[in-house]
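Only one structure is covered here, and it is reproduced in the block below.
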Protein chains: 2
Amino acid sequence: MAPKKKSKRSLTSRAPVAEAATQGSRATSYDVALRAGISQSAVSRCFQEGASISPKMRARVMRAAEDLGYTPNAIARSLITRRSNLIAVIISNLTNLYYPEVLAELSALASAKGIRVLLFTLSSESEIDHVLEQVWQYRVDGAISAARLSSAQIDTFSKNGVPLVLYNRYLQGSAASAVFCDQSDGARVLVERLVSVGHRRFGVIAGPRDSFVGQERVAASLQQLAKLGFHNVPVVAGEYDYESGVRGLHELVSAAKRYLQAVICANDVMAIGAMDAARFDLGIAVPDKLSVVGFDGVGPASWSSYRLTTLRQPVQRMAEATLSLLLDRISNPSLPAERRVFSGTLIEGSSAKLGPT
Amino acid sequence: MAPKKKSKRSLTSRAPVAEAATQGSRATSYDVALRAGISQSAVSRCFQEGASISPKMRARVMRAAEDLGYTPNAIARSLITRRSNLIAVIISNLTNLYYPEVLAELSALASAKGIRVLLFTLSSESEIDHVLEQVWQYRVDGAISAARLSSAQIDTFSKNGVPLVLYNRYLQGSAASAVFCDQSDGARVLVERLVSVGHRRFGVIAGPRDSFVGQERVAASLQQLAKLGFHNVPVVAGEYDYESGVRGLHELVSAAKRYLQAVICANDVMAIGAMDAARFDLGIAVPDKLSVVGFDGVGPASWSSYRLTTLRQPVQRMAEATLSLLLDRISNPSLPAERRVFSGTLIEGSSAKLGPT
DNA sequence: TTGAAAGCGCTACCAC
DNA sequence: GTGGTAGCGCTTTCAA
């Protein structure tokens, strides 16, 4: 291996080797110090907020830094400050259409606060342990998870002193902070209004088993239906994607012998799939012959071809809350866990007939 | 500030302080060494690939590590190895619907290779300098940029010894590696076939000025149109979003006095917007009265409501190529820049009438 | 205000 | 195979 060429060990009072950041290795605070004829610690101070340094000295240092193309090494800094300014964002399926919106918000907000996002995506549930291993290695200051975490996994966060905020899910009995949207209320309103306008035969396309919000949406809907006297509502499984919606509707329709009147889908994309399946595969007019509703409020839901009736999540406010919870706990680790619960907004599109407000 | 409690300085031959990773600070290789009654360097070796360590010793160390919940500190490691195993991924608009797909691919591939993704999103072009500053600070091993970079900005990468691969763009005269999809061919075919089947009055909805592929798509289309005798084709500006497509079609139609026959959109989402505007706002049947084509091949393009005729980019293969170019240059920085150019695939949906193949 | 020195937790290079 | 030692580039006391 080629020998590094930094002299080191010989402090400021050494021959001023005019040493530019040539090949590969970048300039260090040490190089800058040498060039500015000053101590290394003074250079360090120049790059800190309220450090005591005289204006003339700072100017000299900054000039030298510029000449050498010096940038402080955040890695080395975080080693000693014990702050990486890194947060982990763990997302299970970026293909969900909903999560990119969340990620974009989180990333923008974090960036504005000088925090960097280390992204971890899972293509399968089984990767989670491996991913967590990486999270620990990088000594992130905190983590946001929109992926399913077991209670034991959640515990490792506090054990490792890494604040964690769950997004769009929480674990009962676990003391993890969480931000999510309580859609039970919305689901109840939705169901009630569907019933009030005369829908009688319902079907549900559920989300994946590991989706917390999916379960909640379905459960709340079924519960309200039961309350209003509708039992044994058929539920088919889905995977949150368009094809699931298409497939789901086919299944429901064949099960219901075409008498289906309203379909509640655990997310928008499946609702869109269901609408398309109804109109194009089965020749069922939406909303005249079939009402379709979804959850999320993603972009495509509002496209003219769909104008989906859905319960929109306040993504931006939720992202803000998530980051704020996290940053609070990073600066004060002893803060107790907190849940921030939002309400969804009912978007009355034209994919379902609803009763009067 | 509370005094740290690690004794350090006293090497192995010290009183074995039974020290668990209690509050906050995590266990170090030093703690593990102490507990296993072994040297710190041996512990380090246990966590490296082909390091020489006896099985029994390794077992002992691993046990101690487990007890203490020890995980190697990647930050400290990268300080000395000069490898952070971090790559920067710079993306301008995650809201584009196309980029989340790319990001998901890149992230999955990187993860599989033991590389972590540090995500940088830009909400505006002006942030780029600030973002680059952060990229330097974190000493990433390499970078992938799907955002617009000036030639000077590109130069700073090589100046800092950070390999860079541009995604979906390249800069003429600049020696940066790049992966993109040459859609000129596809655009030519598309135009030719539109003409062959009788379209005469064209319109174009362009992408943002800073979109390299957008410019290329439009330029190639116009060029081919000119070649076939169609000059002064109206072009309206767009921002790649659904509303741009809607607005764009309105503009084109009013300019063309309703005689518009085919619209070429610089991406799928605008094409979708244009289709919706045609059908729902203006009562123009697609493709009977108007053909609409797009570029990208994003998910929604294939939804039954659209079945868009589009030129699909091989996202997965492009992501693979991008990462492979980058990793090659990380392990061998002297490798010359390279461009990997892919061809798009024409997806014949039903949003446009095309001639025979 | 400034500089010397002591590490942060780790890997690398030695001798043994 | 193993352990000591010397740093990686930085922040942080602590004296001067």
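Lettering of chains follows the sequences in order, A, B, ..., and the numbering in each one begins at 1.
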OP1 or OP2 of [N] sitting under 4.0 Å from any side-chain N/O of [X]?
X     : N      : value
B/S29 : C/dC10 : yes
A/R82 : C/dC8  : no
A/T28 : D/dG9  : no
A/Y30 : D/dT11 : no

Task: Pairwise ring-ring contact (aromatic ring centres under 6.0 Å, His included) hits with a residue in residues 132-159 of chain A, at least two apart - done: A/W136-A/F157
Open item on the list: Going by ring-ring contact (aromatic ring centres under 6.0 Å, His included), name the pairs with one or both residues in residues 57-85 of chain B, residues two or more places apart or in two chains.
Closed with: B/F47-B/Y70
Open item on the list: Return the CZ to CD distance between B/R77 and A/Q137, rounded to the nearest 0.5 Å.
Closed with: 5.5 Å
Task: Distance (rounded to the nearest 0.5 Å) between A/L149 CG and A/L132 CG - done: 6.0 Å
Open item on the list: Using ring centroids (six-membered ring only for Trp), state whether A/F212 and A/Y170 fall under 6.0 Å.
Closed with: yes
Separation of [N] [atom2] from [X] [atom1] (nearest whole Å):
X     : N      : atom1 : atom2 : result
B/Y70 : C/dC10 : OH    : C1'   : 7 Å
A/R83 : C/dC8  : CZ    : P     : 18 Å
A/Q40 : D/dG7  : CD    : P     : 15 Å
A/L34 : D/dG9  : CG    : P     : 14 Å
A/L68 : D/dG9  : CG    : P     : 13 Å
B/L79 : C/dG7  : CG    : C1'   : 12 Å
A/N73 : D/dT11 : CG    : P     : 9 Å
A/I75 : D/dG7  : CD1   : P     : 22 Å

Task: Nucleotide nearest B/R77 when distance is taken to its side chain, options D/dT11, C/dA4, C/dT11 - done: C/dT11
Open item on the list: Let's see if you get this right: which residues in residues 131-139 of chain B place a heavy atom under 4.0 Å from DNA chain D?
Closed with: none
TODO: Under 4.0 Å from any atom of DNA chain D, heavy atoms only: list the residues of residues 41-61 of chain B that qualify, in numerical order.
DONE: B/S41, B/A42, B/R45, B/S52, B/I53, B/S54, B/M57
Open item on the list: Side chains of B/S150 and B/Q153: any donor to acceptor distance under 3.5 Å?
Closed with: yes
TODO: Determine yes or no for a side-chain-to-main-chain donor-acceptor pair under 3.5 angstrom, with A/N332 supplying the side chain and A/R329 the backbone.
DONE: no
Using atom types as modelled, flag every donor-acceptor pair under 3.5 Å from a side chain in residues 141-148 of chain B to any protein atom, sequence neighbours excluded.
unit_1 : atom_1 : unit_2 : atom_2 : d
B/D141 : OD1    : B/S84  : N      : 2.9
B/D141 : OD1    : B/S84  : OG     : 3.3
B/D141 : OD2    : B/S84  : N      : 3.4
B/D141 : OD2    : B/N85  : N      : 2.7
B/S145 : OG     : B/A147 : N      : 3.1
B/S145 : OG     : B/A147 : O      : 3.0

Task: salt bridge (Lys or Arg N to Asp or Glu O under 4.0 Å) against A/R63, all qualifying residues, sequence neighbours excluded - done: A/D67
